[in-house]
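Here is the structure we will look at.
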Amino acid sequence: MAKQLLLIDGNSIVFRAFFAMHNQIDKFTNKDGLHTAAIYGFKLMLDHVLANFHPDAALVAFDAGKVTFRTKMYGDYKGGRSKTPEELTEQLPYVRELVKDSGLHSYELKGYEADDIIGTLAKEGDDAGYETLIVTGDRDLTQLASEHTTVAVTHKGVTDTEHYTPEHVQEKLGITPAQIIDMKALMGDTSDNYPGVTKIGEKTAIKLVKQFGSVEGIYENIDKLKKSKMKEHLIEEEKIARQCKTLATILRDAPVEIKLADLEYKGPQTEKLIDFYQKMDFQSFLKKMAVSPDDQDTETAPIEYTELTADNLDLVAKLGDRGSFYLEMPDPNYHTSPFAGFALGNDKQWLVSRDPELLKTPELKSWLTDSKIKKDVFNAKAQIVGLNRLGIALDGIDFDLLLASYLLNTNDNSNDLGKLAHEHGYDDVQTDEEVYGKGAKRAIPDDDQLFFQHLANKARAIEQLRPQLFEQLKKNEQLPLYTDIELPLTQVLAKMEITGVHVDAQTLKNMGSKLTERLTEIEEQIYQEAGEEFNINSTKQLGKILFEKLKLPVIKKTKTGYSTAVDVLEKLAPQAPIVENILQYRQISKLQSTYIKGLLKVIHSSDQKIHTRYLQTLTQTGRLSSVDPNLQNIPVRLPEGRLIRQAFVPSHEGWQIFSSDYSQVELRVLAHITGDHNLQEDFKNGEDIHASTARRIFHLKPDQEIDRNMRRRAKAVNFGIVYGISDYGLAQRIHVSRSQAHEFIQNYFKEFPKVKDYIHNTIEFARQNGYVETITHRRRYLPDINAKSFSRRSFAERTAMNTPIQGSAADIIKIAMIKMQDELEKRQLKAKMLLQIHDELVFEAPKEEIPVLSKLVPDVMDSAVKLSVPLKVDSKYGDTWYDLKK
DNA sequence: CAGCTCACG
DNA sequence: ACGTACGTGAGCTGT
């Protein structure tokens, strides 16, 4: 077998590793405060590569300083790059140490980049009959692919790689590896900062290269090109194109002194590695090395447990004043899930059982309800609701692993305890999938040993992770967010979910039959107009009818075919009566399937109520979401849909529905966090904000009237600002030209200069820190903020400015909910909080309490936090959710 | 299971 | 040259 050569592009892998883990940057520091994410990532990559590739020779190439023959040739080469963060550079010496201890050679060459070293050695390898694997984070190296050289480019993280062979390059780009150089010469490279030829991007570059073979080929045949702007640019910029080609070409003959024979791979030096991992605090790698190399899989540290029975319940009281508790509910819907078993305890003793009935015994019940005994759990709300079904009021919750993880990183929201624990570097617990299986095979194991071990492992994981997570919350200044907002909110949400909302099934059924009739009528008309029967719900079949059979103009396409979305159909409506009918059909069938049938399915027969679940650890902004069913998107905008709300009624005779909502809360938050004087003044003066925005951006005189169209446009601009505006997007929405939209935005920024500053500063903050935060220090990491891809980066920039606004608004209503629940209980009101819909709270209450709520709820809501502008709250009430009036 | 469409703030 | 406004959940079709 041919000898194998491994060449690693050190700098690019380190970069990739660093940025891939940037959103967990704080998790990766050792005792001395050294950041270790890049080192860790590099090690992961190394393990991954060596698992599949067994090199005889191996080398990691590094860049040597900034000055290379390329910068000498072209001063701006790699210019304009932001400085490498200190957190990364400090890791480089340790990466080299890791490389050495892992038995690989490293090498750098003054005046040359790592690429050139790799290019040169790969060529030597090719000539000497080696099979070569190049590992890099840089796509440019794919130009080195050959029959015996494969280039593995890391994708998302550092272990996910795409292997480029000449065939793969051909498949993806339609050109040879060598022609990648020509392509890059023409299109330029923004990250290396050389320009290429004006107006030529990837598509055009590939086309030209395919046609003429190379940059040189193009200029030999330049006369064959038709007269065009592109041709002019090519001629004008010939010198640049040829120079860029040199810049893009990786050297195959750099003066590398090291020889292949010097690169023998000897394997890792175990003892040095152990020392190194200890220095880095890499516990998981250390653990793997300690166990025998052939079974280092998913084994967890063994755990001793005691099965709890009616005869040994005295063990519970001996646990002391703190312990983990875990009640296993195999279905995600904890309102209805069966109970499979539970575990509790602490490092002194772990107690487990399959029998939920034991929880009702005095010994366990008093342990669970005693507020002085601190409990650590995973998903407190699920545990509270589950235990409530057994008649037990869980109290004394101190640590919720799920909630804390989510606050530290909104992406850590897996409902699987095992997965989440692994995210935090704790491996002594398996995932549910590993123990229970997945899909149809998923089941609680019959084997007691297996099941109890898993339960005990979960309880232990919670306990073990608590100090570490509290420490991180503290470091992020998030302890008050956890202690004073999210954890108390869990209790409030649990109460709302348990209360549920009364829904009258008969009302829904009556509406349903009417809708069915209308649906049949419309269906017949559509079939007649189409001249055949087809499935109207199928966008594919509908597209065929509209755009092929009826030959209507195609306005928009989706990835898979014709778009038939509302905005498209609205444009087509004047041209064919069928379109109006389809729109009608869509509207009604949506009501029928999602709201009539959907809601009927989830009314509990025991109490005629719907019990939604609020997901507290899902959204990236800090909002809640609602599932099974979603009660945050019950129709309201269109009159036909709004009728659904007639079915939402109070649960007692003589009660009413009461609702309060924040007015323009996001724009008020914007005024507050930007500190913009004009915006703040408008709110302080109690202006109609869209109208006053119109007055400002359209430069109206004080006595001039604001017509509805102006207000509508100004409102769209306000929304746009909050969402991260683009002139194109605004133009689409309010049907004006792009340049007009551009002008509106410019005017806005002139009138509200601090809003402009805010956008700029927030994006800059995100670039520096990798995250943004709300008024309560809720965090969202934005790994794409420094992405090369324009669209990914732009998206991250829009989220960077939107998240603090949407998220702070979410913070405000959460605080209001906690205070509100507190007031209801303190005043011993019968009223119940039922729903939260982002800026609105819905209650049910006896008629007599309506006057109390009319004052209390707005008072609590508008004083929830003190902003530099007033918060405004509007209230309504009525006999059903439909009939709300001021 | 992904993609489309549409309900809400 | 990119591909367009932020955050969600659910039902349906078709691979």
Side-chain angles (χ1 to χ4, degrees), chain A residues 187-188 190 196 198-205 410 439 535-543 556-569 582-583 586-587 589-599 601-602 612-615 618-638 641-642 644-645 661-662 664-666 716-734 738 741 745 780 787-795 797-807 809-810 813 835-840:
Chain A
M187 64 184 271
T190 43
T198 309
K199 290 279 172 193
I200 295 189
E202 184 173 322
K203 299 241 164 82
T204 320
T410 49
N535 186 343
I536 309 170
N537 284 322
S538 160
T539 47
K540 201 176 163 194
Q541 295 180 34
L542 178 62
K556 203 167 69 176
K557 285 201 153 194
T558 66
K559 267 188 261 181
T560 49
Y562 311 109
S563 167
T564 64
V566 197
D567 55 323
V568 173
L569 295 189
I582 289 164
L583 285 166
R586 284 244 178 102
Q587 204 192 108
S589 82
K590 174 86 180 177
L591 292 177
Q592 181 76 295
S593 58
T594 305
Y595 296 105
I596 303 284
K597 289 188 184 161
L599 290 178
K601 258 187 271 182
V602 290
T612 186
R613 282 184 296 137
Y614 289 103
L615 305 187
L618 181 134
T619 70
Q620 296 302 305
T621 55
R623 275 190 175 182
L624 301 175
S625 86
S626 156
V627 293
D628 291 343
N630 181 356
L631 292 184
Q632 291 181 318
N633 71 346
I634 303 301
V636 63
R637 292 175 191 166
L638 298 176
R642 193 174 192 141
I644 298 285
R645 296 184 172 218
D661 69 305
Y662 283 113
Q664 308 298 350
V665 62
E666 292 191 347
V717 173
N718 276 331
F719 268 94
I721 294 295
V722 171
Y723 292 154
I725 202 158
S726 77
D727 49 14
Y728 180 92
L730 181 63
Q732 284 275 304
R733 234 146 270 263
I734 58 175
R738 192 167 170 169
I745 296 167
R780 177 179 188 174
K788 282 187 190 171
S789 144
F790 173 87
S791 60
R792 291 169 72 111
R793 193 176 60 248
S794 305
F795 188 52
E797 287 171 358
R798 292 196 293 272
T799 2
M801 55 151 306
N802 172 266
T803 295
I805 300 169
Q806 190 183 118
I813 196 166
L835 302 170
Q836 188 253 43
I837 307 153
H838 308 308
D839 61 358
E840 176 186 6

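Predicted model only: the values in this text are computed from it and were never measured. Quick note on labels: first sequence line is chain A, next is B, and so on, each numbered from 1.
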Inset, instruction - Run the numbers on Asp567(A) and Lys556(A) for side chain to side chain contact (heavy atoms under 4.5 Å, CB included), then give the verdict. - result: CA-CA 10 Å; Asp567(A) 55 323; Lys556(A) 203 167 69 176; 3.2 Å; yes
Inset, instruction - Apply side chain to side chain contact (heavy atoms under 4.5 Å, CB included) to the pair Ile596(A) and Ile644(A), showing each step before the final yes or no. - result: CA-CA 8 Å; Ile596(A) 303 284; Ile644(A) 298 285; 3.7 Å; yes
Inset, instruction - Starting at the 5' end of nucleotides 9-15 of chain C, put B wherever the base has a protein heavy atom under 4.0 Å, S where only the sugar-phosphate does, and a dash everywhere else. - result: BSSSSSS
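In terms of position on DNA chain C, the residue among Ile200(A) and Gly720(A) whose nearest nucleotide sits closer to the 5' end is Ile200(A). Map Phe719(A) and Lys199(A) each onto its nearest nucleotide of DNA chain C; the residue landing nearer the 5' end is Lys199(A).
dT4(C) and dA7(B) are spaced 22 Å apart, taking the C1' atom of each and rounding to whole Å. Here the separation of dC4(B) from dG3(C), taken at their P atoms, is 15 Å to the nearest Å.
Here the CD atom belonging to Gln632(A) is positioned 7.0 Å from the CD1 atom belonging to Ile837(A), to the nearest 0.5 angstrom. Note that the CD atom of Glu666(A) and the CG atom of Asn802(A) stand 6.5 Å from one another [nearest 0.5 Å].
Between Arg623(A) and dT8(C) there is no side-chain N or O to OP1 or OP2 distance below 4.0 Å.
Looking at residues two or more places apart in sequence or on another chain, you find no side-chain hydrogen bond (donor to acceptor under 3.5 Å, both in side chains) involving Thr619(A). In this structure, the salt bridge (charged side-chain N to carboxylate O under 4.0 Å, His left out) partners of Arg738(A), at least two apart in sequence or on a different chain, are Asp727(A). Looking at residues two or more places apart in sequence or on another chain, you find a side-chain hydrogen bond (donor to acceptor under 3.5 Å, both in side chains) between Arg613(A) and Asp628(A).
In this entry the distance linking CG of Asp727(A) with P of dG3(C) reads 16 Å, nearest Å. Rounding to whole angstrom units, CG of residue Leu631(A) and P of dT8(C) are separated by 18 Å. Going from atom CZ of Arg798(A) over to atom C1' of dA5(C) covers 6 Å, rounded to whole Å. Distance CG (Asp839(A)) to P (dT8(C)): 16 Å, rounded to an integer number of Å. At whole-Å resolution of the value, CG in Asn802(A) and C1' in dC6(C) are 4 Å apart. Taking atom CD1 of Ile734(A) as the reference point, atom P of dA5(C) lies 14 Å away to the nearest angstrom. Summarising the geometry, the separation between CD1 on Ile745(A) and C1' on dT4(C) is reported as 12 Å, rounded to the nearest angstrom. Atom P of nucleotide dT8(C) and atom CD1 of Ile634(A) are separated by 19 Å, given to the nearest angstrom.
Nucleic acid contact class of Arg586(A) (heavy atoms, under 4.0 Å, all strands): sugar-phosphate only. Residue contacts shown for Arg642(A) are absent, as no nucleic acid heavy atom lies under 4.0 Å away.
Side-chain contact between Arg780(A) and Thr621(A) is present, with heavy atoms from C-beta onward closer than 4.5 Å.
The main-chain N or O of Ile634(A) is found under 3.5 Å from a side-chain atom of Arg645(A) such that the two form a donor-acceptor pair. Checking side-chain atoms of Tyr614(A) against main-chain N and O of Gln836(A) turns up a donor-acceptor pair under 3.5 Å. Of the possible polar contacts, one joining the Ser626(A) side chain to the Leu631(A) backbone as a donor-acceptor pair under 3.5 Å is found. When atom types are taken as modelled, the side chain of Thr803(A) and the backbone of Thr799(A) share a donor-acceptor pair closer than 3.5 angstrom.
Ring-to-base geometry places Tyr723(A) in a stacked arrangement with dC6(C) (centre distance under 5.5 Å, plane angle under 30°).
From the 5' end on, the contacts that DNA chain B makes with chain A at under 4.0 Å to a non-hydrogen atom open and close at dG3(B) to dG9(B).
Paired runs in DNA chain C that reach 3 or more consecutive Watson-Crick or G-U pairs, where each pair keeps both distances under 3.5 Å, cover B:1-9 with C:6-14.
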